[in-house]
Number of protein chains: 2
Amino acid sequence: MGIDPLIKPDTFGFIAAALTTIAFLPQVIKTWRTKKAEDVSVVMLLMFITGLLFWIVYAIQTNALPVLIANIITFILNVTILTLKLIYGKQPSSTQTSE
Amino acid sequence: MGIDPLIKPDTFGFIAAALTTIAFLPQVIKTWRTKKAEDVSVVMLLMFITGLLFWIVYAIQTNALPVLIANIITFILNVTILTLKLIYGKQPSSTQTSE
């Protein structure tokens with residue numbers, strides 16, 4: 001903006017992309033270890049995954065390689081969380097809500 | 001890429017941004033209703049929220065208003081999820097893991 005930034009905006013962008021991408025890895029590990037994802041909203045996961053598919057299309061059409069890579073990784077991690085949630089939700093011992 | 005897109009890339013970008021932003025609302029509602037977020041990883045929330053702060057700085061420095069608005073809303077929703085998780089986790093009836 002008015003003042004010349006000391007750190008390049010791209011640096012913030014790369015740190016931001018890295019953090020919002022790998023943030024889902026601790027959730028994958030937690031769900032895998034505890035074998036439970038009852039409190040994780042399936043509606044959130046479905047909306048987020050659909051949004052990521054749109055980001056992937058957008059990245060392909062605009063040739064935005066960093067956006068493409070970040071969203072493919074985020075997509076894989078969130079599909080993994082959804083898959084684990086559905087697997088563990090089907091086990092007879094747990095009670096599952098539709099939400 | 002090679003072929004002219006029938007739908008403008010920006011359209012995909014706006015749909016993508018809208019979905020990956022409002023996706024966290026169902027999680028807020030679910031956590032609020034069930035008063036439980038034990039299965040939601042606190043490490044994920046902290047990393048994601050930190051990443052969103054970097055996106056906000058990036059958006060301000062590059063004057064990217066849509067990126068700024070989307071990330072502020074996502075930030076508010078995720079801080080709400082974290083706050084609810086911490087409140088409900090402190091209640092004596094629930095067992096809490098540090099992860």
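What's counted below: heavy atoms across the whole structure, side chains too, no hydrogens, waters or symmetry copies. Every chain is numbered from 1, with letters handed out A, B, ... down the list of sequences. The structure displayed is predicted, hence computed values, not measured ones.
- Of all non-hydrogen atoms in B:G51 and A:L19, the two that sit nearest each other are CA-CB, 3.6 Å.
- Closest non-hydrogen pair, B:W55 versus A:G13, comes out as CH2-O, 3.8 Å.
- Both the backbone and the side chain of A:I22 come within less than 4.5 Å of a heavy atom of chain B.
- Distance check, rounded to the nearest 0.5 Å: CD of A:E38 to CD of B:E38 gives 9.5 Å.
- Proximity of A:L52 to B:T20: side-chain heavy atoms (C-beta onward) are separated by under 4.5 Å at one or more points.
- You'll find the ring centres of B:F14 and A:F54 outside the 6.0 Å limit.
- The line from CG of A:D10 to OG1 of B:T62 is 9.0 Å long, rounded to the nearest 0.5 Å.
- Using a 4.5 Å cut-off on side-chain heavy atoms (C-beta onward), A:K30 and B:M44 make no contact.
- The two residues A:Q27 and B:S41 come nearest to each other via the heavy atoms OE1-N, 2.7 Å.
- With a 4.5 Å cut-off on non-hydrogen atoms, B:A18 does not touch chain A at all.
- Counting heavy-atom pairs closer than 4.5 Å to chain B, the top residue among A:D39, A:L46, A:L53 is A:D39.
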